[in-house]
Amino acid sequence: VADLLAAAKGNLLTPPVLFFLLGTLAALFRSDLALPEALGKAISLYLMMSIGFSGGAELAHQGAGSAVLWAMLTALVLSAGMPWIAYPILRLLVQLQRVDCAAIAAHYGSVSVVTFAAASALLTASGHTYEGYLAVMLALMETPAILSGLLLANRLSGKAADPGNSAEASRRSETGALLRETLLSGSVLLLLGSFAIGWLTGAPGKEVVAPFLVIPFKGVLCLFLLDMGLLAGRRLESVRQVGVRLAAFGIAMPLIGATIGLGIGLLLGLSVGGCLLLMVLAGSSSYIVVPAAMRVALPKANPALYVTVSLAVTFPFNLLVGIPIYLWLAETAVSRLRG
Amino acid sequence: MQLYPKKRVDIVAETALQSRICRALEAAGAKGYTVSPASGNGARGMRQGDGVVEASGNVLITTVVNTAVLPAVLSAIQALLEDYAGALWVSDAFVVRDEHF
């Protein structure tokens, strides 16, 4: 437990976490501090490019084996499966409407790129390495959860259809277009593409782009987390409106997800670093790709619920408390099981 | 200079609706439209984009159409706005190049 406290303190007193807290405070005090919208989007693309490329270069260094295929398959199943675990919890314990439960559940199958980035920054700072293909798992886990969310909301079956309603018909054709768009969404494409480029060009390629893609990563992450702190802080007031039960779900679900992630990580034989990142993937929730998709496909679901719980509860929880706990659990489990 | 009377339709809506509204406008007979980012206050309270969280953004879509296609445009957009934050208003406009509208 002393280790855990030390790890928690070590995680809290790092520039990325402190910049996040600075942003949160600025929002709470209603400061006029703000990042231009376009910059926030650009930085999130940068983070994906850097994570993808570094993962690919790492895989080129470690060598690709059948483990990569298993990891990819696991990622797809995990992303599609998590909403089916989240949904009954939401339905029975949080007791929200069916469509809201489905929309929120979809968020928890998907992932948060920034949480992954923060965890990988902590890993490199503490001397851990991780399997490069975790970056591919990140990419593959972004969208299958959307499909599960729509299935849970009955959006894909014929039951909810009302043939006489043309708005309903246009929305259904829109759902098909949405699925095509999100399955190849810009972030998935950029992550996979950067990974492929990193893998193909390997160490020489990394040397060329490191001054832009690798070395500034942590500083850029701080800037992005400042922005995330502002966004989360602005939504803190809404946490009271979504209710204690949903807020509790926003903390319990990452713990459930991380536990599942740890189990799977151990089965896949991942390193401590790999286990931590898989725990973060299974325990984090989306606040970019999935909310945008849910707003289009499930307009009756309340966005105040799913954006707030994902952005203002689960994201800060993972960043501040979750990651050091997960790292401690991963270290303990790996050292106990593998001596 | 000769001016031609038209109807101008302004639509403020969630970013999530943007592509559907633009497609509906074209299908209803509008020959063009202008899209700009938007934020402001209305029936659903203060609405401003969150940058990275695209789901909370808004757009202002403006189109200028012939009076004859106005009913088709209005009914198409009205159907789309159901369940979403959005507002729509119509005003008179005058254009110089009649053949563009």
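Below, chains carry the letters A, B, ... as their sequence lines are ordered, and counting in each starts from 1.
More than 12 heavy atoms of other residues, nucleotides or ligands sit less than 6.0 Å from atom CZ of A:R98. Counting heavy-atom neighbours within 6.0 Å of A:Y46 OH, excluding the residue itself, gives a total above 12.
Nearest heavy atoms, B:A16 versus A:R295: CB-CG, 3.7 Å.
Ranked by heavy-atom pairs under 4.5 Å with chain B, the list A:V290, A:I288, A:L230 is led by A:I288.
The main-chain N or O of A:V296 is found under 3.5 Å from a side-chain atom of B:R20 such that the two form a donor-acceptor pair.
Looking at A:M228, only its side chain comes within 4.5 Å of chain B, counting heavy atoms on both sides. In this structure, chain B has no heavy atom under 4.5 Å from any part of A:P303.
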